[in-house]
There are 2 protein chains.
Amino acid sequence: MKGKRDSTGFLIKQRAFLKLYLLTSIEKEPWYGLQLLDELKASFKPYGFVPQHSEVYRALHDLTEDGILSRKKVKENGSKYKEVAVYSIADKEEAKAYKKLVKADLDRCEQLLRKALKDNFS
Amino acid sequence: MKGKRDSTGFLIKQRAFLKLYLLTSIEKEPWYGLQLLDELKASFKPYGFVPQHSEVYRALHDLTEDGILSRKKVKENGSKYKEVAVYSIADKEEAKAYKKLVKADLDRCEQLLRKALKDNFS
DNA sequence: TGATGAACAGACTGTTCATCT
DNA sequence: AGATGAACAGTCTGTTCATCA
């Protein structure tokens, strides 16, 4: 994974958080960037979190560099003739392994937040 | 509060998180910086989070600038004659209000993490 | 050495700009 | 306008440096 750490000790980074969601979506079926972004924006809006397009692209690029995703330019034969970058899972094992890592970090973060709520409000 | 935001949409910032703990500790009794740091380090070690001294100082400075804490240089008459910066609550109402704000953000973050665990692992 | 604080540097992310269809 | 990507800029935080008792 190129020595990049997703966690620096405190809470999980947005990048890793998005990667997790991207993998889960793409596992179900291939998507392209802005499509995924719209889905994420809608999903998180109630929580006051609005991911930006560049961060989603960076997450997709990272996952591709790591060989977890593969990217294919596809000519959309719909109403418009336009190329989009469609992503699909390239390495299911790696994807699974990465998600497992993130899950561990999410669990840790949840415990940390719970602790803070308990320590400061009870 | 000088227009500074503690939350930028994703998860709570370390600074705000530490401020919360600092206020709770200082509410009980006045402390000085490194003393608080040691307490925090011990408390979070099991969670893989190791706060650094500069971040704690910055948090204390912020709270002082905002008028929530007051700082007093105290000559320690113990084994060593040395000055430490002891903090105490300057404005109980403001402290309470700030903690309330942070609590709301912590709750939001916890929901976001729960959602992520649910959306991606079930 | 313990304590405080500032300065510096790097990581992360939001905003803007550029390109192409 | 929709889609992608790069470049730039600002914020947050970790490391280092400086000072003082």
Side-chain angles (χ1 to χ4, degrees), chain A residues 1-19 21-22 30-41 44 48-65 69 71-87 105, chain B residues 2-19 22 30-41 44 48-65 69 71-87 105:
Chain A
M1 211 70 77
K2 292 203 174 175
K4 286 183 195 168
R5 296 188 60 196
D6 278 315
S7 163
T8 55
F10 185 49
L11 297 179
I12 191 171
K13 296 287 183 290
Q14 183 185 163
R15 183 82 51 92
F17 187 90
L18 291 179
K19 284 183 190 176
Y21 268 90
L22 294 170
W31 297 83
Y32 67 93
L34 281 202
Q35 204 175 14
L36 290 157
L37 177 66
D38 288 343
E39 204 187 36
L40 293 171
K41 276 189 174 171
F44 298 132
F49 170 43
V50 182
Q52 300 300 311
H53 81 274
S54 29
E55 192 57 23
V56 168
Y57 284 127
R58 282 187 284 243
L60 289 169
H61 298 337
D62 279 6
L63 289 169
T64 305
E65 281 182 33
L69 290 183
R71 200 190 88 127
K72 194 164 55 172
K73 281 270 186 181
V74 171
K75 289 195 178 17
E76 255 194 337
N77 284 23
S79 47
K80 309 157 194 169
Y81 286 76
K82 165 178 264 181
E83 271 196 343
V84 293
V86 173
Y87 290 86
D105 207 23
Chain B
K2 291 202 172 174
K4 286 183 194 169
R5 296 189 60 197
D6 278 315
S7 163
T8 57
F10 185 49
L11 296 179
I12 191 171
K13 295 287 183 291
Q14 184 185 161
R15 183 82 50 93
F17 187 89
L18 291 179
K19 285 184 189 175
L22 294 171
W31 297 84
Y32 68 92
L34 280 203
Q35 204 173 13
L36 290 156
L37 177 65
D38 288 343
E39 203 187 37
L40 293 170
K41 276 189 175 173
F44 298 133
F49 170 43
V50 182
Q52 301 300 310
H53 80 276
S54 27
E55 193 58 21
V56 169
Y57 284 127
R58 281 188 285 244
L60 289 170
H61 298 338
D62 280 5
L63 288 168
T64 306
E65 281 183 34
L69 289 183
R71 200 189 87 126
K72 194 164 53 171
K73 281 269 185 181
V74 171
K75 289 199 181 13
E76 254 193 337
N77 283 21
S79 48
K80 310 158 194 170
Y81 285 76
K82 163 178 264 179
E83 270 196 344
V84 293
V86 172
Y87 291 86
D105 206 23

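So that the names make sense, note that chain A is the first sequence line, chain B the second, and so on, each numbered from 1.
- Among the atoms of the strands shown, none is found under 4.0 Å from any heavy atom of Phe17(B).
- Between Phe10(A) and Phe17(B), the distance from one ring center to the other falls under 6.0 angstrom.
- OP1 or OP2 of dA3(C) lies within a sub-4.0 Å distance of a side-chain N or O belonging to Tyr32(B).
- You won't find any donor-acceptor pair under 3.5 Å spanning the side chain of Ser54(A) and the base of dT13(C), going by distance alone.
- Aromatic ring orientation, His53(B) versus Tyr57(B): perpendicular (interplanar angle above 60°, classes split at 30° and 60°).
- Checking dA3(C), dT15(C), dT15(D) against every side-chain atom of Val84(B), the shortest atom distance belongs to dA3(C).
- Rounding to whole angstrom units, NZ of residue Lys41(A) and P of dA3(D) are separated by 12 Å.
- As a whole-Å value, the separation of Arg15(A) CZ from dA11(C) C1' is 10 Å.
- With rounding to whole Å, Glu39(A) atom CD is found 14 Å from dA3(D) atom P.
- When side chains are defined from C-beta on, Phe49(B) does not count as touching Lys41(B), because their heavy atoms never get closer than 4.5 Å.
- Spacing between atom CD of Glu55(B) and atom C1' of dA6(C) amounts to 14 Å, rounded to whole angstrom units.
- With rounding to the nearest 0.5 angstrom, the CG atom of Leu18(B) is 13.0 Å from the NZ atom of Lys13(B).
- Among the nucleotides dA3(D), dT15(D), dT13(C), the one closest to the side chain of Tyr57(A) is dA3(D).
- Nucleic acid contact for His53(B): base, since at least one base atom lies under 4.0 Å from a heavy atom of the residue.
- Between the CG atom of Leu11(B) and the P atom of dC12(C) there is a distance of 14 Å, rounded to whole Å.
- The shortest distance between the side-chain N/O atoms of Gln14(B) and the OP1/OP2 oxygens of dC12(D) is not below 4.0 Å.
- When each of dG14(C), dG14(D), dC12(C) is scored by its nearest atom to the side-chain atoms of Arg58(B), the top-ranked nucleotide is dG14(D).
- We find the CZ-CZ distance between Arg15(B) and Arg58(B) to be 5.5 Å, quoted to the nearest 0.5 Å.
- Straight-line distance from the CD1 atom of Ile12(A) to the P atom of dT13(D): 16 Å, rounded to whole Å.
- Distance from the side chain of Leu34(A) is smallest to dA3(D) among dA3(D), dA3(C), dT13(D).
- In this structure, Leu36(B) places its CG atom 11 Å from P of dA3(C), rounding to the nearest Å.
- Leu40(A) has its CG atom 13 Å from the P atom of dG14(C), to the nearest Å.
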